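Okay, structure first, notes after.
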Amino acid sequence: MRPTDVMRGSPPAPEAQVTRANWRSFPAIRWGFTHVREVLPTAEIRRSAQPTPIPSAPRELAKLSFTAPDGKATTIEATLRETFADALLVMHRGTLIHEWYGEGMSATTPHLICSISKAIAGTLGGVLAARGLIDPEARVVRYVPELETSVYSTCTVRNLLDMAVAIQFEEDYEDPAGDVARYRFASGWDVPPPGIEPSHQRAYLTTLRGTGKPHGKVFHYVSTNTEVLGWVYERACGVPYPRVLSEYLWQPLGAEEDGSLTLDSHGMGRIAGGISVTARDLLRFGEMMRNRGVVEGRQVVPGWWIDDIRENGDPKAWADGDLAEFFPGARYRSKWFTIDPARNALTAIGIHGQHLLVDLDSDTVIVKLATQPKAMDVPVDQRWFAAFGAITTHLVPR
């Protein structure tokens, strides 16, 4: 057990008090990510009255060995121990074969999933499009006219979904005075320094400006695009985002526990990264994706929307975009990554170590949650990608 693990299960000692000023900083993050509702205002994402069953047949995976990107031999067990992991669940062909939780975690513990929240929003878009509530090709201001003077005045809902908005915004998590810092002040996640007005998300979104270049040409990862997407959904459905998500996706897929969404001072949710759910319910979501939107015979998400996520995404936009150096040849569609175009797999990624892998080639879904000290830690992420490859190969040798 790491010394900081004591922060997980019970309220922290006074000398380690978790507050809105430090809840995402190490070591407070170890407690903060599983107790978000005690730190920030939130709204419920309501569970289903009839949870989808999860069949279980445990198999030994902890001792599985693989070669890390640095060339050293390691195991799943060692990687869990050495990367601040909190949960690892593996489902193969509809059966849960591995379920591991770190100190203070359990099957009913909610955990912040950061930008996996984006993949949930992108998937929800397919449900709303099929019902005629949104048109992905429509301009954003058709739904949210308040954005007429912002960068979003000329872009489409599809541009939001694919992170192809030509916006002046740098997604730098470490800059204390940068765009992300101002965005977090508006969302209520961080306490602004003296002299800085906190504002709120809707007001902040109207201030964002463009580069002057056309939308839809370059992949540019910006979290505010997903906040605008959630605003579009709210206007299209006439209810707040947590209710849209619950009624159109989370309840139909059979979630067993309530989730939550953080709120700003005016009640707008942090759609891009503020969802907390259990690892098991996230696994249910991934399994629904693996089954082309079907849960126990019910079509929850249109199959054609999931096909579109798997098959599309502009390779040139990716090649000219932010993350091409880390994942050459990848694609991005409706908030999902296709990291390796040669493999039929979808990936959702969140900072501080959150991963959801839906690998259709091996019929495998993997959920990995963590509280890594650094928001972005590429060597750790690369090690986990190697671990996921070892698991899928072990289950279905290539």
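In this text the structure is predicted, and so the values were computed from the model without any measurement. Note that the numbering runs from 1 along the sequence shown for the chain.
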Q: Decide salt bridge (charged side-chain N to carboxylate O under 4.0 Å, His left out) for E287 and R284; before the verdict, give the C-alpha distance in whole Å, the side-chain angles of both, and the deciding distance to 0.1 Å.
A: CA-CA 5 Å; E287 179 67 1; R284 287 179 169 95; over 6 Å; no
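- A distance of 15.0 Å separates OG1 in T207 from CZ in R202, rounded to the nearest 0.5 Å.
- Considering every non-hydrogen atom in both Y101 and A107, the closest pair reads OH-CA, 3.4 Å.
- Note that the OH atom of Y173 and the NZ atom of K374 stand 14.0 Å from one another [nearest 0.5 Å].
- Across all their heavy atoms, G259 and R37 have their closest contact at O-NH1, 4.2 Å.
- Between Y241 and Y233, the ring planes are parallel. Angles under 30° get that label, and only those over 60° would be called perpendicular.
- In this structure, the separation between CD1 on I391 and CG on L61 is 6.0 Å, given to the nearest 0.5 Å.
- Between the side chains of Q168 and T211, no donor-acceptor pair of N or O atoms lies under 3.5 Å.
- In this structure a side-chain-to-backbone donor-acceptor pair under 3.5 Å is present from Q354 to H352.
- Without hydrogens or angle criteria, S246 side chain to R243 main chain gives no donor-acceptor distance under 3.5 Å.
- In this structure, D179 and Y204 approach most closely via the heavy-atom pair O-OH, 3.4 Å.
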Q: Check step by step if side chain to side chain contact (heavy atoms under 4.5 Å, CB included) holds for V90 and L395.
A: CA-CA 10 Å; V90 180; L395 296 175; 4.2 Å; yes
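- Evaluation of the side chain to side chain donor-acceptor pair (under 3.5 Å) test over residues 44-53, restricted to residues two or more places apart or in two chains, returns E44-R46, R47-D258.
- Without hydrogens or angle criteria, D162 side chain to A164 main chain gives no donor-acceptor distance under 3.5 Å.
- With hydrogens and angles left out, the side-chain atoms of Q201 and Y183 include no donor and acceptor closer than 3.5 Å.
- For the residue pair N22 / S25, no side-chain donor-acceptor distance below 3.5 Å is found, with atom types taken as modelled.
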Q: Step by step, work out the side chain to side chain donor-acceptor pair (under 3.5 Å) result for S362 and H92.
A: CA-CA 8 Å; S362 65; H92 184 232; 5.8 Å; no
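- For the residue pair H200 and D264, the shortest heavy atom distance occurs at CB-OD2, 3.5 Å.
- A donor-acceptor pair shorter than 3.5 Å cannot be found between the side chains of T108 and R280.
- The ring-ring contact (aromatic ring centres under 6.0 Å, His included) search around Y248 returns none, not counting sequence neighbours.
- In this structure, E99 contributes its side chain and L89 its backbone to no donor-acceptor pair below 3.5 Å.
- In this structure, R20 forms no cation-pi arrangement with W189, as its terminal cationic atom is not both closer than 6.0 Å to the ring centre and no more than 45° off the ring axis.
- Surrounding CD of E197 are at most 12 heavy atoms belonging to other residues, nucleotides or ligands under 6.0 Å away.
- The side-chain heavy atoms of L249 and V300, taken from C-beta on, include a pair separated by under 4.5 Å.
- In this structure, the side chains of M289 and T123 come closer than 4.5 Å at one or more pairs of heavy atoms.
- In this structure a side-chain-to-backbone donor-acceptor pair under 3.5 Å is present from E60 to K63.
- Between I366 atom CD1 and L283 atom CG the span is 10.0 Å, to the nearest 0.5 Å.
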Q: Go through the steps for E311 and R333 under the test salt bridge (charged side-chain N to carboxylate O under 4.0 Å, His left out), then give the verdict.
A: CA-CA 9 Å; E311 297 166 3; R333 186 70 165 177; over 6 Å; no
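- Residues forming a ring-ring contact (aromatic ring centres under 6.0 Å, His included) with W384 (at least two apart in sequence, or on another chain): F388.
- S223 and K118 form a side-chain donor-acceptor contact under 3.5 Å, judged by distance and modelled atom types alone.
- Closest of all the heavy-atom pairs between N225 and M163 is ND2-SD, 3.5 Å.
- Each of V277 and L263 belongs to its own hydrophobic cluster when Ile, Leu, Val, Met, Phe, Trp and Tyr are linked at side-chain heavy-atom distances under 4.5 angstrom.
- Every pair passing side chain to side chain donor-acceptor pair (under 3.5 Å) that includes a residue from residues 128-151 is listed here, sequence neighbours excluded: E146-R235.
- In this structure, CG on L112 lies 7.5 Å from OG1 on T262, to the nearest 0.5 angstrom.
- Counting heavy atoms from C-beta outward, I113 and L282 have side chains that approach closer than 4.5 Å.
- Note that CZ of F219 and CH2 of W318 are 4.5 Å apart. Values are rounded to the nearest 0.5 Å.
- Not a single ring-ring contact (aromatic ring centres under 6.0 Å, His included) links H98 to another residue, sequence neighbours left out.
- Taking 4.0 Å as the cut-off between side-chain N and carboxylate O, R383 and E82 count as a salt-bridged pair.
- Cluster partners of F185, by chain and number: I196. The rule joins Ile, Leu, Val, Met, Phe, Trp and Tyr whenever side-chain heavy atoms lie under 4.5 Å apart.
- Between the side chain of Q299 and the backbone N or O of V301 there is at least one donor-acceptor pair closer than 3.5 Å.
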Q) Y152 and T206: side chain to side chain donor-acceptor pair (under 3.5 Å), yes or no, with the steps? A) CA-CA 8 Å; Y152 297 107; T206 66; over 6 Å; no
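- With hydrogens and angles disregarded, a donor-acceptor distance shorter than 3.5 Å links the side chain of D322 to the backbone of Y221.
- The closest donor-acceptor contact from the side chain of T224 to the backbone of E227 lies at 3.5 Å or more, if one exists at all.
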Q: Please test D190 against R24 for salt bridge (charged side-chain N to carboxylate O under 4.0 Å, His left out), starting from the C-alpha separation and ending with a verdict.
A: CA-CA 9 Å; D190 284 351; R24 293 185 335 280; 2.8 Å; yes
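- Proximity of H35 to P110: side-chain heavy atoms (C-beta onward) are nowhere separated by under 4.5 Å.
- A donor and an acceptor atom, one from each side chain of S276 and H111, are nowhere located under 3.5 Å apart.
- For F385 and H355, the distance between ring centers is under 6.0 angstrom.
- Checked by atom type and distance alone, the side chain of T75 never pairs as donor or acceptor with a backbone atom of S65 at under 3.5 Å.
- Smallest separation of non-hydrogen atoms from P136 and L161: CB-CD1, 4.4 Å.
- Checked by atom type, the side-chain pair K335/T226 shows a donor-acceptor distance below 3.5 Å.
- When only modelled atom types and interatomic distance are considered, W31 and T371 share no side-chain donor-acceptor pair under 3.5 Å.
- Using a 4.5 Å heavy-atom threshold, the side chains of N344 and R310 count as touching.
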Q | salt bridge (charged side-chain N to carboxylate O under 4.0 Å, His left out) between D307 and R292, intermediate numbers included | A | CA-CA 8 Å; D307 293 343; R292 200 170 170 264; 2.7 Å; yes
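- Between F26 and F84, the two ring planes are perpendicular [angle over 60°; tilted spans 30° to 60°].
- Under a 3.5 Å cut-off, the side chain of W305 and the backbone N or O of G122 do form a donor-acceptor pair.
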